[in-house]
Amino acid sequence: QVQLVESGGGLVQPEGSLRLSCAASGFTFSRSPMYWYRQAPGKERELVAGISSTGGLTNYGDSVKGRFTVSRDNTKNTVSLQMNSLKPDDTAVYYCKVAFSNRDYWGQGTQVTVSS
């Protein structure tokens with residue numbers, strides 16, 4: 001049974017930082033690329049970051065390049081998202097995702113609110 005559990009969300013001021021974590025189980029984490037997405041009310045879900053199975057390659061959505069960093073720890077089956085220089089437009093529910101066997105598996109999401 002695939003399980004992805006996000007944590008670390010909360011309320012933060014503009015220009016602040018937050019670190020999200022995703023704990024994974026039920027599949028071979030160390031061989032699976034992982035992804036972070038986010039969705040704000042009334043908007044489409046968008047890709048935030050992706051990371052290869054070893055962590056050697058990463059990619060980011062245009063809106064977060066230079067501010068967010070994705071990483072993983074294959075000994076702990078976790079993937080993280082370090083978010084710096086946060087903006088109000090970063091407010092969204094953030095989701096962890098893995099894809100295999102021709103389908104996507106999503107976590108429950110964690111709320112990030114950036115507001116003064």
Side-chain angles (χ1 to χ4, degrees):
Q1 181 180 342
V2 173
Q3 188 170 44
L4 302 170
V5 181
E6 301 94 335
S7 62
L11 176 64
V12 64
Q13 293 185 342
E15 298 302 315
S17 297
L18 206 60
R19 186 176 180 88
L20 307 182
S21 294
C22 172
S25 61
F27 63 99
T28 307
F29 179 82
S30 63
R31 301 185 70 173
S32 302
M34 298 296 296
Y35 306 89
W36 286 98
Y37 286 76
R38 68 186 183 186
Q39 188 166 28
K43 296 184 178 181
E44 292 188 359
R45 188 169 297 187
E46 66 172 338
L47 176 69
V48 175
I51 186 166
S52 63
S53 60
T54 65
L57 296 173
T58 58
N59 66 286
Y60 299 92
D62 288 342
S63 62
V64 308
K65 288 178 181 176
R67 300 187 298 119
F68 290 11
T69 303
V70 62
S71 61
R72 67 191 296 157
D73 186 343
N74 285 350
T75 70
K76 298 180 178 180
N77 283 11
T78 59
V79 59
S80 299
L81 185 69
Q82 178 66 47
M83 305 185 294
N84 299 327
S85 302
L86 283 161
K87 306 174 180 179
D89 283 350
D90 295 320
T91 295
V93 178
Y94 285 71
Y95 298 91
C96 181
K97 189 195 82 171
V98 64
F100 56 87
S101 299
N102 204 35
R103 67 160 289 174
D104 296 341
Y105 297 86
W106 298 88
Q108 84 289 346
T110 186
Q111 176 71 48
V112 172
T113 302
V114 184
S115 176
S116 60

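Here the structure is a predicted model, which is why all the values come from computation and not from measurement.
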Is any NZ, NE, NH1 or NH2 atom of the basic residue among K87 and D90 found under 4.0 Å from an Asp or Glu carboxylate oxygen of the other? no

Atom [atom1] in [X], atom [atom2] in [Y]: separation rounded to 0.5 Å?
X	Y	atom1	atom2	value
Y95	T110	OH	OG1	10.0 Å
T69	L81	OG1	CG	8.0 Å
W36	S80	CH2	OG	7.0 Å
S115	L86	OG	CG	12.0 Å
T58	K65	OG1	NZ	10.5 Å
E6	Q108	CD	CD	4.5 Å

Looking at residues at least two apart in the chain, or sitting in another chain, which of them share a side chain to side chain contact (heavy atoms under 4.5 Å, CB included) with D104? K97, A99, W106

Do [X] and [Y] belong to the same hydrophobic cluster, where Ile, Leu, Val, Met, Phe, Trp and Tyr are linked whenever their side-chain heavy atoms lie under 4.5 Å apart, directly or via other members?
X	Y	value
V70	Y37	no
V48	V114	yes
L4	V93	no

Taking the side chain as C-beta and beyond, is there a heavy-atom pair between [X] and [Y] under 4.5 Å?
X	Y	value
V112	R38	no
M83	R67	no
Y35	C96	no

Indicate every side-chain donor-acceptor pair of residues 8-34 with a distance under 3.5 Å to a residue at least two apart or in another chain.
residue, atom, partner, partner atom, Å
S17, OG, N84, OD1, 2.9
R19, NH1, Q82, OE1, 3.3
S32, OG, T28, O, 2.9

Residue set satisfying ring-ring contact (aromatic ring centres under 6.0 Å, His included) with Y105, at least two apart, ordered chain then number -> F100

Of all the heavy-atom pairs spanning R72 and G55, show the shortest one and how long it is. CD-N, 3.8 Å

Is there a donor-acceptor contact under 3.5 Å from the side chain of N74 to the main chain of T54? no

